[in-house]
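Read through the structure below, which is laid out as structure tokens, and then see the notes.
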There are 2 protein chains.
Amino acid sequence: MLTDFNRLKVFYTIYRHKSAAAAAREMYISQSAVSQSLGKLERELKTQLFVRLHKKLVPTSAAGRLYEIIEPFVRNLEGGLAWLEAEKSGPRGVLRIGAPVEFGSRNLVELVAAFRKKHPAVFFEVALGHPDMLLPRLAAGELDFIFADIFPGRGARNLPPFTVSPVLKEKLVLACSAGYYSARLGGKLTPAALAGCEFLDYSQGQTALLNWFRHHYDKSFPGLKAVLTVESVQAILNAIKGGLGLGIVPEYLVEAELKAGSVKAVRTGRPELLNRISLVRLKGKAAAPAEKAFLENF
Amino acid sequence: MLTDFNRLKVFYTIYRHKSAAAAAREMYISQSAVSQSLGKLERELKTQLFVRLHKKLVPTSAAGRLYEIIEPFVRNLEGGLAWLEAEKSGPRGVLRIGAPVEFGSRNLVELVAAFRKKHPAVFFEVALGHPDMLLPRLAAGELDFIFADIFPGRGARNLPPFTVSPVLKEKLVLACSAGYYSARLGGKLTPAALAGCEFLDYSQGQTALLNWFRHHYDKSFPGLKAVLTVESVQAILNAIKGGLGLGIVPEYLVEAELKAGSVKAVRTGRPELLNRISLVRLKGKAAAPAEKAFLENF
DNA sequence: TGTCAGCATAAGCGTTACTTAACCAATGAT
DNA sequence: ATCATTGGTTAAGTAACGCTTATGCTGACA
């Protein structure tokens, strides 16, 4: 590659003016410096770039070609720097956020919608997925911050480069329709009776269900019959209401139905399982105004 | 604009490796120098470009944006420099040539065709037009060289930046078909009889005809009846053979017809008018291999 | 013909980018 | 645990090289 990029800038300025003196004036340096810089560049490229005509530098075809390469770069650069400047003046630009599927498609989009009312110059790129996929992307700089079910204490042991702050706690209940409840469980909530039911979950791994059972019975229940797997809270909710089986949903989403009795939650006496979402950011990363404004809510 | 382009090169290298140490190794400078350069760039832009993660530099979104600007530039630059290098190794690239309409569309294209047989990597841009239009373009660096009816002595007085070398001399004759000749001129070649004829010329200004008359009679004949104006020697030739009138053509093109008697040339006793074409180049301009090879013919 | 503007070159200086060195932090091997 | 290793930062001194000043040259213009 070329050794000295600054000579290209000098060349660029000369070319625009077809004059070293004019270029020198524009750059606030001496004409001699410009001349020397050009000479060095020509010697470096072993190519004549200008024909010295009296009071004028006439570009050769090589110079023309070189200029065609540099000109768009300078233009883009100026635009880019102006954009950087603008981003510092107030909330604008792109925010790249990662989130778990459920949280991302439910809570996050609401937040985004509300935020964009106030700051329409901010755009969003939301990546949904498991924290195991999202954390590496955060660490690689592909995301500005992520939401994940990781907590400051446990689990954050081997993540020193991240700052983790709790953001949201919501109770998760195992629920089904009133009809399903009376037909399949009818009062006797033994683990065995439960385990024989039909289940709804968000992923093939049944992580949501497994967590729920471990939390309530300190025991894992492999081989649950997952009759429906779909990565959508709304879909699970509808499946529950339709009497397909038992599924995990945030309690507040079925509050009305629970009160009315059309949906039943499985209660074990223990406190409900909590879905704890944390905000995870790169330690030491400065937040642009857009990011700062968005995170003020938390 | 940005003050220092070289810092951008350092940034570019860091970004590719996500590491200052690796960048330093690639650039054969110390890791400390890289770190300092990056620090200065960030301070200059007042923007954090990398998050310092242990043993890794994680780019911020600003860095990503900056990289998107620099990367294509570097790619284009490398390509361009390679191209420059290739041009020096042998005849290739683009040759931008100016020429008078007649010469350009007749002789030049033949030369180009022959040349491209030997050097197919050379492309041509031919600009046809009057020397008055072509000379400024040559002086502005838009053309590599031009052909023009300018001569080393006369006319080249106020053109010190150009080198002019004669290239071609051809006799120009005023000719018509044998039929037209006997019907309209029939032996008596008085200027008055001539002036009353029908004429064919290449341009509205009748420069070819005016030159011919001035050369042979030291007198201008305004108001000649130009029954056909077309910028094509071939067309004029056909018009002559078709008996439309009198037109100027290079003598060698009608040699066979003159000998056979099917075409007649108007002879005044004076030596024929010469069409003298010179090669005009910018003084001090180095010729690339392609240019050198092409001009060897002259 | 003299004056002016622009480019090239030489020499010396001054800025600044680079090196060296010391320090810190995180990682992984012993 | 502990230590060696690697990478990044910072400070200070040095050396390079880009800039300035000065001079000479050439062509344009009045």
Side-chain angles (χ1 to χ4, degrees), chain A residues 2-11 13-44 48-60 63 139 141 156-163 282-285, chain B residues 2-11 13-44 48-60 63 139 141 156-163 282-285:
Chain A
L2 205 59
T3 53
D4 196 323
F5 269 37
N6 284 332
R7 296 206 229 285
L8 293 180
K9 193 169 86 171
V10 175
F11 162 81
T13 313
I14 298 176
Y15 189 96
R16 273 169 31 230
H17 291 94
K18 267 76 179 170
S19 153
R25 280 190 292 270
E26 179 180 319
M27 306 177 83
Y28 300 106
I29 57 176
S30 68
Q31 174 271 324
S32 170
V34 172
S35 192
Q36 289 176 56
S37 179
L38 174 60
K40 278 179 192 162
L41 181 60
E42 286 185 324
R43 238 166 296 133
E44 214 161 53
Q48 187 184 22
L49 293 172
F50 291 93
V51 180
R52 273 65 172 178
L53 221 49
H54 182 63
K55 289 192 180 239
K56 212 178 186 181
L57 296 179
V58 177
T60 64
R157 195 87 318 157
N158 51 354
L159 307 170
F162 303 112
T163 63
L282 265 189
K283 194 168 289 181
K285 175 166 179 294
Chain B
L2 203 59
T3 53
D4 196 321
F5 270 36
N6 284 333
R7 296 206 229 286
L8 293 180
K9 191 169 86 169
V10 175
F11 162 81
T13 312
I14 298 176
Y15 188 96
R16 273 171 28 231
H17 292 94
K18 266 77 177 169
S19 152
R25 279 190 292 271
E26 179 180 319
M27 307 176 82
Y28 299 106
I29 57 178
S30 68
Q31 179 271 332
S32 172
V34 172
S35 191
Q36 289 175 53
S37 179
L38 174 61
K40 279 179 192 161
L41 181 60
E42 287 185 323
R43 240 167 294 133
E44 214 162 53
Q48 187 184 22
L49 293 172
F50 290 95
V51 181
R52 272 66 171 177
L53 223 49
H54 182 65
K55 289 192 180 240
K56 213 178 185 185
L57 295 179
V58 177
T60 64
R157 195 87 320 158
N158 52 353
L159 307 171
F162 302 112
T163 63
L282 264 189
K283 193 169 291 182
K285 174 166 180 291

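Below, chain A is the first sequence line, B the second, and so on; all start at residue 1.
Taking the salt bridge (Lys or Arg N to Asp or Glu O under 4.0 Å) definition, one finds that B:Arg16 meets it with B:Glu26, sequence neighbours left out. When the salt bridge (Lys or Arg N to Asp or Glu O under 4.0 Å) test is applied to A:Arg7, the partners found at least two apart in sequence or on another chain are A:Asp4, A:Glu44.
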**Report entry** Step-by-step side-chain contact (heavy atoms from CB on, under 4.5 Å) determination, A:Val51 to A:Leu57
**Finding:** CA-CA 6 Å; A:Val51 180; A:Leu57 296 179; over 6 Å; no

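B:Val10 places a side-chain heavy atom less than 4.5 Å from the side chain of B:Ile14.
Across the protein-nucleic acid pair, A:Tyr28 atom OH and D:dT20 atom C1' stand 18 Å apart, rounded to whole Å. In this structure, CG of B:Leu41 is placed 16 Å from C1' of C:dT16, rounded to the nearest angstrom. What separates CZ of A:Phe5 from P of D:dG18 is a distance of 15 Å, to the nearest Å. The distance from atom CZ of A:Arg7 to atom P of C:dA17 is 14 Å, rounded to the nearest whole Å. Rounding to whole angstrom units, NE2 of residue A:His17 and C1' of C:dC7 are separated by 16 Å. A:Leu49 places its CG atom 15 Å from the P atom of C:dC7, with the value rounded to the nearest Å. For the pair A:Ile29 CD1 and C:dG14 C1', the computed distance is 15 Å after rounding to whole Å. Atoms CE (A:Met27) and C1' (D:dC19) sit 12 Å apart, rounded to a whole Å.
Within 6.0 Å of NZ in B:Lys18 there are more than 12 heavy atoms belonging to other residues, nucleotides or ligands.
Between C:dA17, C:dT20, D:dC19, one nucleotide has an atom nearer to the side chain of A:Ser30 than all others, and that is D:dC19.
Remark: B:Lys9 is not positioned above the aromatic ring of B:Phe5, lacking an NZ or CZ atom under 6.0 angstrom from the ring centre and at most 45 degrees off the axis.
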Pairwise N/O distances under 3.5 Å, protein to nucleotides 4-9 of chain D:
from  : atom 1 : to      : atom 2 : distance (Å)
D:dT6 : O4'    : B:Lys55 : NZ     : 2.7
D:dT6 : O2     : B:Lys55 : NZ     : 3.1
D:dG8 : OP1    : B:Ala20 : N      : 3.0
D:dG8 : OP2    : B:Ala21 : N      : 2.7
D:dT9 : OP1    : B:Arg52 : NE     : 2.1
D:dT9 : OP1    : B:Arg52 : NH2    : 3.2
D:dT9 : OP2    : B:Ser35 : OG     : 2.4

